[in-house]
Trainee: 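Dumping the structure here so I can ask a few things about it.
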Amino acid sequence: MKKIILLGYMGCGKSTIAKTLAKINGQPFVDLDVYIEKKAGLSINAIFEQYGEIKFRKMEHEAFVELLNAPGQMIIGLGGGTPCYANNHELLKRDDVVSIYLKASIDTLFNRLVVNKSKRPLIANKNEEEMKEFIAVHLFERSYYYNQAQHKVTVDDKTVDQTVLDILAILA
Ligand SMILES: Nc1ncnc2c1ncn2[C@@H]1O[C@H](COP(=O)(O)OP(=O)(O)O)[C@@H](O)[C@H]1O
Ligand SMILES: O=C(O)C1=C[C@@H](OP(=O)(O)O)[C@@H](O)[C@H](O)C1
Ligand SMILES: [Mg+2]
């Protein structure tokens, strides 16, 4: 069985959807950020603060490769930036994975992130106006990498269960 990889911008629902999908299809689920935090013994915020983003991206790449090379089936929820560094986007095309881009509009992302930014160092210190502008530009810059996924599911105006059903249809 192929490993299932969920990707997309911060707030698109990777962690939430991966957890629910794992409950339904009974497969183990790993959130890449949580895996990195456990390995480092530090929160994502602390890693950014103490080591900086470049070091985080190296740790993220190593962790992603480790999980891909681990035996067995699993659902992996990536971090929002994972496909955009260290040629990680190439790994999304491997034959032994199914990669799915959870595509959300700027409005959806903004509405979810505005109440949920403290654990996300890239946006934690931005006010609402700055955040909207940042998401718009950043999503545009990152879209090239997200579009390397094998599949795409639009998540706007869908419940968690609806998105999970869309993913199950892809996997069927
Ligand atoms: N329909 C939905 N699907 C997924 N997440 C949703 C939905 N509606 C609200 N959310 C919320 O959006 C937030 C961001 O989700 P999260 O899974 O952390 O995203 P990511 O891991 O992609 O950054 C969470 O607080 C989640 O509860
Ligand atoms: O988009 C990014 O560069 C990041 C997204 C975060 O994950 P989520 O997308 O799960 O918030 C986390 O990996 C880190 O804060 C950097
Ligand atoms: Mg997440």
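All figures in this text were calculated on a predicted structure; none of them were measured in a lab.
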Trainee: Would you mind listing every side-chain hydrogen bond (donor to acceptor under 3.5 Å, both in side chains) that reaches into residues 17-34, with sequence neighbours excluded?
Mentor: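 Sorted pair list: S15-D31, N25-Q27, Q27-Q73.
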Trainee: For the pair V98 and I5, evaluate side-chain contact (heavy atoms from CB on, under 4.5 Å) and give the outcome as yes or no after the intermediate values.
Mentor: CA-CA 6 Å; V98 182; I5 302 175; over 6 Å; no
Trainee: Any idea which heavy atoms bring C12 and A104 closest together, and the distance?
Mentor: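 Heavy-atom minimum between the residues: CB-CB, 4.2 Å.
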Trainee: Out of curiosity, does V153 fall in the hydrophobic cluster containing V160 (side-chain heavy atoms, cut-off under 4.5 Å, transitive links)?
Mentor: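 Yes, it is one cluster - the side chains of V160 and V153 are joined through contacts under 4.5 Å.
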Trainee: Where the side chain of K3 meets the backbone of G72, is there a donor-acceptor pair that is under 3.5 Å apart?
Mentor: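 Yes, K3 side chain to G72 backbone: donor-acceptor pair under 3.5 Å.
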Trainee: Linking I/L/V/M/F/W/Y whenever any side-chain heavy atoms sit under 4.5 Å apart, do F110 and V155 land together?
Mentor: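 No, F110 and V155 fall in different hydrophobic clusters.
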Trainee: Give a yes or no on whether V65 and L78 share a hydrophobic cluster (residues Ile, Leu, Val, Met, Phe, Trp, Tyr; joining criterion: side-chain heavy atoms under 4.5 Å apart).
Mentor: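 Same cluster.
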Trainee: Could you pull out the closest heavy-atom pair between Y35 and E66, with the gap in Å?
Mentor: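 Scanning both residues, the minimum pair turns out to be OH-OE1, 2.5 Å.
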Trainee: Atom CZ in F29, atom CD1 in I75: separation rounded to 0.5 Å?
Mentor: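 Going from CZ on F29 over to CD1 on I75, the span is 8.0 Å.
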Trainee: Enter the distance from C84:SG to E60:CD here, rounded to the nearest 0.5 Å.
Mentor: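 C84 atom SG to E60 atom CD measures 8.5 Å (nearest 0.5 Å).
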Trainee: Check this for me: does any side-chain nitrogen of one of E53 and R57 sit under 4.0 Å from a carboxylate oxygen of the other?
Mentor: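 Between R57 and E53 there is a salt bridge, with a charged N closer than 4.0 Å to a carboxylate O.
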Trainee: Among I4, L68, L7, which residue satisfies the side chain to side chain contact (heavy atoms under 4.5 Å, CB included) criterion with I76?
Mentor: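 Of I4, L68, L7, side chain to side chain contact (heavy atoms under 4.5 Å, CB included) with I76 is met by L68 alone.
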Trainee: Please say whether more than 12 non-hydrogen atoms of neighbouring residues, nucleotides or ligands are located less than 6.0 Å from CD in E133.
Mentor: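 Not more than 12 within 6.0 Å, no.
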Trainee: Does N88 reach the side chain of Y145, with side-chain heavy atoms less than 4.5 Å apart?
Mentor: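 When only atoms from C-beta onward are counted, Y145 and N88 do not touch, as no gap falls below 4.5 Å.
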Trainee: Using the test ring-ring contact (aromatic ring centres under 6.0 Å, His included), find all partners of Y101 that sit at least two apart in sequence or belong to another chain.
Mentor: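 By the ring-ring contact (aromatic ring centres under 6.0 Å, His included) rule, Y101 matches Y146.
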Trainee: Are side-chain N/O atoms of S43 and E37 paired as donor and acceptor at under 3.5 Å?
Mentor: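 Distance-only check fails for S43 and E37.
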Trainee: Using a 6.0 Å cut-off, check whether atom NZ of K39 has over 12 heavy atoms from anything other than its own residue.
Mentor: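 Yes, enclosed.
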Trainee: Less than 4.5 Å apart, side chain to side chain, heavy atoms only: is that true for L92 and Q150?
Mentor: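 With C-beta onward as the side chain, the pair stays apart.
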Trainee: Would the distance check show the side chain of S143 and the main-chain N or O of L139 forming a donor-acceptor pair, the cut-off being under 3.5 Å?
Mentor: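 Looks like yes, one N/O pair under 3.5 Å.
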Trainee: Do D156 and K103 sit within salt-bridge range, that is, some charged N less than 4.0 Å from a carboxylate O?
Mentor: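 No.
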Trainee: Run the side-chain contact (heavy atoms from CB on, under 4.5 Å) check on L113 and M131 step by step: do they pass?
Mentor: CA-CA 9 Å; L113 289 172; M131 225 173 95; 3.6 Å; yes
Trainee: Anything under 3.5 Å between a donor and an acceptor, one on a side chain of residues 161-172, the other on a protein residue two or more places apart or in another chain? List them.
Mentor:
{"from": "Q162", "atom 1": "OE1", "to": "T159", "atom 2": "N", "distance (Å)": "2.8"}
{"from": "T163", "atom 1": "OG1", "to": "T159", "atom 2": "O", "distance (Å)": "3.3"}
{"from": "D166", "atom 1": "OD2", "to": "K158", "atom 2": "NZ", "distance (Å)": "2.6"}

Trainee: Give the C-alpha distance, both sets of side-chain angles, the deciding distance and a yes or no for side-chain contact (heavy atoms from CB on, under 4.5 Å) between L102 and I100.
Mentor: CA-CA 6 Å; L102 302 182; I100 304 174; 4.2 Å; yes
Trainee: Let me check something: do M74 and L6 share a hydrophobic cluster, defined by ILVMFWY side-chain heavy atoms less than 4.5 Å apart, either directly or through other members?
Mentor: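 No, it is not one cluster - the side chains of M74 and L6 are not joined through contacts under 4.5 Å.
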Trainee: Scan for side-chain hydrogen bond (donor to acceptor under 3.5 Å, both in side chains) pairs involving residues 110-130, sequence neighbours excluded, and state none if there are none.
Mentor: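 Every candidate side-chain hydrogen bond (donor to acceptor under 3.5 Å, both in side chains) pair involving residues 110-130 fails, so no pair, neighbours aside, qualifies.
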Trainee: Do D107 and K132 have side chains that get closer than 4.5 Å, going by heavy atoms?
Mentor: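 Contact flag for D107/K132 side chains = yes.
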Trainee: ring-ring contact (aromatic ring centres under 6.0 Å, His included) with F48: which residues, sequence neighbours excluded?
Mentor: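 F48: ring-ring contact (aromatic ring centres under 6.0 Å, His included) contacts with F56.
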Trainee: Between L122, I123, I106, L109, which is the residue that forms a side chain to side chain contact (heavy atoms under 4.5 Å, CB included) with H138?
Mentor: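 Only one option passes, and that is L122.
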Trainee: Are more than 12 heavy atoms, taken from residues, nucleotides or ligands other than D96, located less than 6.0 Å from that residue's CG atom?
Mentor: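 Above 12, so yes.
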Trainee: Please determine whether side-chain contact (heavy atoms from CB on, under 4.5 Å) holds for the pair K2 and V97, giving the CA-CA distance in whole Å, both sets of side-chain angles, and the decisive distance to 0.1 Å.
Mentor: CA-CA 5 Å; K2 298 183 180 193; V97 308; 5.6 Å; no
Trainee: Over all heavy atoms of both residues, which pair between A63 and I36 is shortest? Give the atoms and the distance, please.
Mentor: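 Closest approach of A63 to I36: CB-CG1, 3.7 Å.
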Trainee: Tell me every residue that passes ring-ring contact (aromatic ring centres under 6.0 Å, His included) with Y85, counting only those two or more places apart in sequence or in another chain.
Mentor: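 Per chain and number, Y85 pairs via ring-ring contact (aromatic ring centres under 6.0 Å, His included) with no residue.
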Trainee: State, to 0.1 Å, how close Q148 and Y144 come at their nearest heavy-atom pair, and which atoms those are.
Mentor: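 That would be NE2-O, 3.0 Å.
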Trainee: If you group Ile, Leu, Val, Met, Phe, Trp and Tyr by side-chain heavy-atom gaps below 4.5 Å, do V115 and I44 land in one group?
Mentor: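 Hydrophobic grouping puts V115 with I44.
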